[in-house]
**Q** 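Have a look at the structure that comes next, please.
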Amino acid sequence: SDLPPVDPATNPIAIALKYVHDATESERESYNRPGAPANEQTCANCAFDMASEGEWRPCSLFPGMAIHENGWCTSWALKS
Ligand code: SF4
């Protein structure tokens, strides 16, 4: 991906959605989103991830920016 990475510290969407590049440091356990066990939820298996490979990927919730394959945010939903 040529897109610039989302900055979790300053991007308003990232802050609102509690996005982090490392899901192990996210609040996924407390949110316990349905679809997969919390400790298996990452951007790589999220429905909003617009790529199927790559460390940095486009996400439909972050237009023009890249999220990390191992990231997580509170909008996580299982990719079908
Ligand atoms: Fe990652 Fe999904 Fe959140 Fe996008 S919507 S940042 S792919 S968890």
Side-chain angles (χ1 to χ4, degrees):
S1 172
D2 295 332
L3 300 170
V6 171
D7 184 344
T10 61
N11 180 277
I13 304 168
I15 293 169
L17 299 181
K18 304 190 174 190
Y19 170 82
V20 291
H21 292 316
D22 179 356
T24 66
E25 297 177 356
S26 74
E27 296 186 37
R28 65 183 180 176
E29 300 285 349
S30 56
Y31 276 82
N32 197 24
R33 300 275 294 164
N39 64 5
E40 296 178 7
Q41 298 177 10
T42 64
C43 291
N45 62 12
C46 174
F48 298 105
D49 167 30
M50 297 166 69
S52 55
E53 59 184 14
E55 182 178 5
W56 295 98
R57 307 176 179 200
C59 165
S60 56
L61 274 59
F62 291 94
M65 289 168 273
I67 50 82
H68 196 277
E69 61 178 335
N70 295 328
W72 185 91
C73 84
T74 59
S75 288
W76 183 92
L78 184 63
K79 182 183 286 184
S80 58

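Counting starts at 1 for both ligands and their atoms, following the listed order.
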**Q** Can you count the protein N/O/S atoms lying under 2.8 Å from atom 1 (Fe) of ligand 1, leaving waters out?
**A**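 My tally for this metal is 1.
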**Q** Going only through I, L, V, M, F, W and Y residues with side-chain contacts under 4.5 Å, is there a path from I15 to F62?
**A**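 Unlinked, I15 and F62 end up in two clusters.
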**Q** Roughly how far apart are C43 SG and F48 CZ, rounded to 0.5 Å?
**A**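 Going from the SG atom of C43 to the CZ atom of F48 covers 11.5 Å.
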**Q** Mind checking the CD1-OH spacing from I13 to Y19? Nearest 0.5 Å is all I need.
**A**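 Rounded to the nearest 0.5 Å, the CD1-OH separation comes to 12.5 Å.
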**Q** Applying a strict under-4.5 Å side-chain criterion to I, L, V, M, F, W and Y, I'd like to know whether L17 and W72 cluster together.
**A**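 Hydrophobic grouping puts L17 apart from W72.
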**Q** Enumerate the atoms of ligand 1 whose separation from the nearest heavy atom of F62 is less than 4.0 angstrom.
**A**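 Listed by number with element, the hits are 6 (S).
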**Q** Less than 4.5 Å apart, any side-chain heavy atom of E69 and any of W56?
**A**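 E69 vs W56: side chains apart.
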**Q** Quick one: list whatever passes side-chain hydrogen bond (donor to acceptor under 3.5 Å, both in side chains) with N11, sequence neighbours left out.
**A**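 Result, side-chain hydrogen bond (donor to acceptor under 3.5 Å, both in side chains) vs N11: none returned.
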